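Everything on this sheet refers to the single structure shown next.
Below, chains carry the letters A, B, ... as their sequence lines are ordered, and counting in each starts from 1. If you're wondering where the values come from, they're calculated on a predicted model, not measured in any experiment.
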Amino acid sequence: MPQASLLRQITDFANRANPYPLYEELRRTPVLHEADGPYVISSYYDIEALLHDPRISSDAAKMTATGDDELSEPETTGLPPSFIRLDPPEHDRLRRIANSSFGPPHRPTRIDSMRGELAQIVTDLIDGFGDARQIDVVDGCAYPFPVTVICRLLGVPREDEPRFRAWVDPIVAGLDPDTRTSAESERVAQEARLQLGMYLNGLVEQRVKEPRDDMLSDLVNSRGPDGAMTTMEVLTTAVLLLIAGHETTVNLITNGMLTLLRHPEYLQRLRQDPILSVKIVEELLRYEPPVQLLPQRTCITDIEVRGVTIPKGSRIWLVLAAGNRDPERFKDPDRFDPDREDLQHLGFGSGIHSCFGAPLARLEAQIALSELARRLENPRLVEDPPPYRPNAVLRGPRHLNVDFDGLNP
Amino acid sequence: MPADYMGWLRREGRIVIVGASLAGLRAAETLRAEGFAGELTLIGDEPYEPYDRPPLSKAVLLGMASPHHTELPHRREIDAKWRLGVAATGLDLAAKRVRLADGDEVEYDRLLIATGVRARPWFKEEEARLDGVCLLRTRDDAVDLYRRLKAGPRRVFVIGAGFAGSEVASACREMGLPVTVAERAGAPLVGALGGVIGAVASDLQLENGVDLRTHVTVTGLEGDAVGRVRAVHLSDESVVEADVVVVSLGSLRNTEWLAGSGLGAGPRGIACDAGCRAFDFRGIVTDDVFVAGDVARSPHALFGYQFLSLEHWGNAVAQAQTAAHNMICHGADRRPHLWMPAFWSSMFGVNIKSVGVPPMGEQLMITQGSPAERRFVGVYGYQGRMVAAVSFDNTRWLEFYQRQIERGAPFPVEFPTTDRRPEGRQPVDADFPDPSLPSHGPMVTLSGYSPADQQLVFHPARH
């Protein structure tokens with residue numbers, strides 16, 4: 001049975017650098033079901049429909065009740081489930097409260113007003129390259145950037161950022177299924193979660209007494225029609241923003257730089273026209289989405305997809321990255337083309353769980369990519385493909401070494 | 001006629017579009033995008049280039065957007081001759097000529113009529129002329145109403161609690177202005193969404209401090225000595241003092257200019273086939289006159305081939321594109337306009353959206369959320385089928401329901417959904433008012449005749 005090996009191949013690290021031929025094969029069986037495995041959906045329109053389907057649940061509790069597969073593991077933060085793993089109405093309530101301090105209509109300018117600050121953080125990181133003529137884009141920029149940003153957004157004091165990072169790193173590392181197998185790294189991650197939780201709790205207590213203009217203050221003092229979050233809910237939400245907004249952004253920036261180095265004509269155009277970064281980032285979200293698949297859905301009743309009845313309680317994987325290159329939806333899908341008229345993608349998902357941090361992720365990637373393009377003189381990829389992280393869901397290079405001739409001011 | 005008429009038409013034909021608003025502009029763009037290289041003329045009675053209307057009753061009234069900056073973005077260069085500020089006054093079908101108010105005439109090889117609708121004015125002309133009696137349809141209307149609201153009137157009176165009237169009331173409350181709304185039916189929005197959802201809209205208005213009067217009509221507007229409106233008289237004999245009165249009684253189709261032309265045009269719009277070709281008054285399809293947007297009325301396969309006349313933004317765009325495409329291609333390449341009706345509104349901080357044709361529904365089920373929380377999805381059923389859905393602050397699910405409607409999914413809705421509440425397990429009567437009762441112009445006209453003025457009894461042949 002040739003299909004039986006397909007999921008195995010997708011999770012197999014050997015295929016991490018280029019999973020797209022596998023996705024193409026996957027699309028030939030739009031509803032793929034291997035024995036005891038999840039139902040795997042890979043065509044654009046089916047994924048899009050299921051993301052809007054109220055018969056599909058994201059509830060972590062329902063998930064564990066029906067058994068796990070290797071990617072559908074519950075959150076291991078030691079906190080109650082965040083809104084990403086809840087269904088309405090709880091999901092809606094928590095997401096609304098979080099959004100009231102993040103986006104429109106209550107805070108339409110919060111993200112945009114960080115533009116200058118974001119640019120400064122990137123500038124400082126690039127200045128930090130000093131006299132080097134080779135850098136790792138991951139460690140030198142893509143990785144430290146989002147942590148600093150989320151610290152500023154939440155309201156972590158600048159002097160605490162190094163401590164904060166020291167906790168975040170092992171937690172993020174623990175998201176990789178491979179590293180999770182090590183008891184030692186799990187112990188370290190557990191310890192870091194505890195420390196981080198206690199630290200955030202301290203900040204929360206401060207913000208109750210002395211609110212400031214940051215998201216933690218807004219969360220602890222939310223007084224809208226939905227009422228307030230409990231302290232536990234605030235902590236869960238803060239950790240969600242931290243983790244979900246982290247690895248994904250690192251990968252978006254790194255995949256972006258890699259793709260631009262492979263398509264030097266766009267790197268050149270971006271250097272001259274930073275506005276092009278808007279289109280480039282959208283096309284990246286289609287072409288190399290940081291979240292390759294959503295493994296955390298269950299159906300709460302029998303549903304039919306393309307003539308296949310998926311029984312109640314089945315686990316469903318939505319392979320966003322396969323849908324993004326579905327020729328039924330996109331012309332010439334395997335071509336990186338930021339000039340395409342029809343710039344659409346499933347990179348941020350869709351429906352009620354569509355990426356909460358999308359406005360921030362977009363801005364971070366736009367700024368980082370246009371600054372890297374502008375300042376690195378004659379950048380060249382040292383190794384293609386670069387070494388990848390093990391994770392099949394949050395896919396991206398572990399290192400991206402780039403040679404260059406100097407830094408433009 | 002040239003042997004290759006279509007080739008000739010595409011190269012050097014003359015296309016005239018009457019109506020320079022959303023549908024007209026999008027049609028012009030589609031014509032050019034699809035390779036029409038001939039002469040293109042857009043005729044509009046307003047002096048402005050096409051602008052967007054939805055913000056006029058929302059952001060513009062709140063001062064969050066300037067009425068002068070709601071121009072519709074052009075999607076491409078259209079290289080058209082614009083005849084703005086001049087209305088079309090007549091059509092000669094045989095000679096293929098449009099007559100203009102300035103006496104000019106414009107010849108066409110293909111004509112697209114997209115004249116839309118206008119606000120229904122207050123029926124007593126003298127009272128309608130009182131200073132402070134406003135309509136809200138055009139940009140000028142919005143400028144005028146915004147100026148009056150900003151001046152801080154003591155009370156605003158809104159006649160009619162359809163979507164537009166309710167949006168005005170919402171804007172007034174947001175600005176802290178006292179507002180009274182009068183509605184002939186039992187609740188706001190009943191014509192569009194039925195009494196069950198109307199009750200939710202009622203609560204929404206009352207909670208937000210609107211003085212809502214239902215089951216009443218306005219009998220007269222009273223002016224002061226210098227001709228300013230000062231009070232509104234109601235059928236329950238009450239009198240409400242107000243210095244701004246917004247007449248929000250729906251709309252009238254702009255078809256009067258076609259009187260005597262022989263087209264199948266009347267108060268309910270211009271009938272056309274699914275390919276947007278206008279019918280003449282004998283029910284024969286024309287081949288060179290097309291219709292799109294609010295003024296069109298076309299059959300829809302999903303809704304029993306009812307002639308739907310839709311005042312929906314999205315319909316104007318989709319129908320214009322289909323009409324434009326069909327205007328310049330051979331019969332076999334034509335497409336039907338089978339757009340899924342959809343509209344949105346926002347009022348009192350709630351986003352309301354619907355897909356399908358709610359007024360066709362007999363029954364309603366709340367399948368997600370709860371009306372008491374003002375967040376829910378309701379599904380309308382007609383003869384065992386799902387025909388529409390409405391959401392209050394739950395827009396992201398509607399796509400699912402749209403697909404269900406498209407495939408004629410059964411009603412009642414038996415399958416479980418996330419956030420299904422106990423009260424949503426049984427269908428209830430959707431409670432639409434008797435369609436034979438007069439009401440302000442509905443956003444969806446279901447059939448050619450109003451049951452009230454139907455004089456013909458038609459007996460279809462039975463085989």
Side-chain angles (χ1 to χ4, degrees), chain A residues 45-63 83 85-93 95-96 99-100 104-106 108-109 224-227 297-307 309-313 341-342 346 348-356, chain B residues 29 33 58-59 62 64-65 75-76 170 174 204 207-208 346-351 353 355 365-379 386 389 391-407 409-410 413-424:
Chain A
Y45 292 109
D46 294 341
I47 295 169
E48 228 265 334
L50 290 172
L51 286 169
H52 291 265
D53 195 320
R55 299 168 301 179
I56 306 290
S57 168
S58 300
D59 193 321
K62 286 183 184 126
M63 185 71 68
F83 58 73
R85 303 304 307 277
L86 289 171
D87 287 336
E90 297 83 4
H91 162 273
D92 294 1
R93 182 180 68 88
R95 181 165 163 139
R96 267 196 308 270
N99 193 57
S100 69
H106 304 284
T109 58
D226 290 300
R297 299 290 202 277
T298 318
C299 54
I300 60 173
T301 183
D302 290 3
I303 60 166
E304 197 201 297
V305 179
R306 297 228 183 188
T309 300
I310 304 179
K312 174 180 176 176
E341 277 189 19
D342 182 28
L346 296 167
F348 286 133
S350 190
I352 63 162
H353 292 286
S354 71
C355 177
F356 180 86
Chain B
E29 289 165 348
K58 306 173 184 83
L62 292 170
M64 284 152 54
R75 291 177 176 175
R76 60 180 302 121
S170 169
E174 204 161 318
L204 204 53
E207 278 161 25
N208 282 280
S346 82
M347 56 185 75
F348 308 105
V350 174
N351 273 300
K353 193 170 178 200
V355 290
M365 285 180 95
I366 303 299
T367 55
Q368 293 185 264
S370 153
E373 293 165 19
R374 314 276 180 269
R375 291 181 222 283
F376 62 91
V377 178
V379 172
M386 213 185 269
S391 68
F392 274 46
D393 273 349
N394 248 310
T395 305
R396 287 174 192 271
W397 296 114
L398 275 197
E399 207 177 297
F400 167 78
Y401 293 97
Q402 174 170 339
R403 275 180 240 274
Q404 297 292 311
I405 297 162
E406 281 165 358
R407 49 187 285 268
V413 180
E414 305 287 6
F415 55 76
T417 51
T418 59
D419 205 14
R420 187 89 171 251
R421 311 289 175 87
E423 71 260 30

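At least one donor-acceptor pair under 3.5 Å links the side chain of B:Glu29 to the backbone N or O of B:Arg75.
Contact annotation for B:Arg375: only side-chain heavy atoms (C-beta onward) come within less than 4.5 Å of a heavy atom of chain A. Proximity to chain A (any heavy atom under 4.5 Å) is shown, for B:Asp393, by neither the backbone nor the side chain. In this structure, the portions of A:Glu48 lying under 4.5 Å from any heavy atom of chain B include both its backbone and its side chain.
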Hey, mind stepping through B:Tyr401 and B:Thr367 against side chain to side chain contact (heavy atoms under 4.5 Å, CB included) and telling me if it holds? CA-CA 10 Å; B:Tyr401 293 97; B:Thr367 55; 2.9 Å; yes
Given B:Arg421 and B:Glu373, is the salt bridge (Lys or Arg N to Asp or Glu O under 4.0 Å) satisfied, shown in steps? CA-CA 12 Å; B:Arg421 311 289 175 87; B:Glu373 293 165 19; 2.9 Å; yes
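Below 30°, between 30° and 60°, or above 60°: for B:Phe392 and B:Phe376 the angle between ring planes is below 30°, a parallel geometry.
Between chain B and the options A:Asp302, A:Ile303, A:Ile300, A:Asp87, heavy-atom pairs under 4.5 Å are most frequent for A:Ile300.
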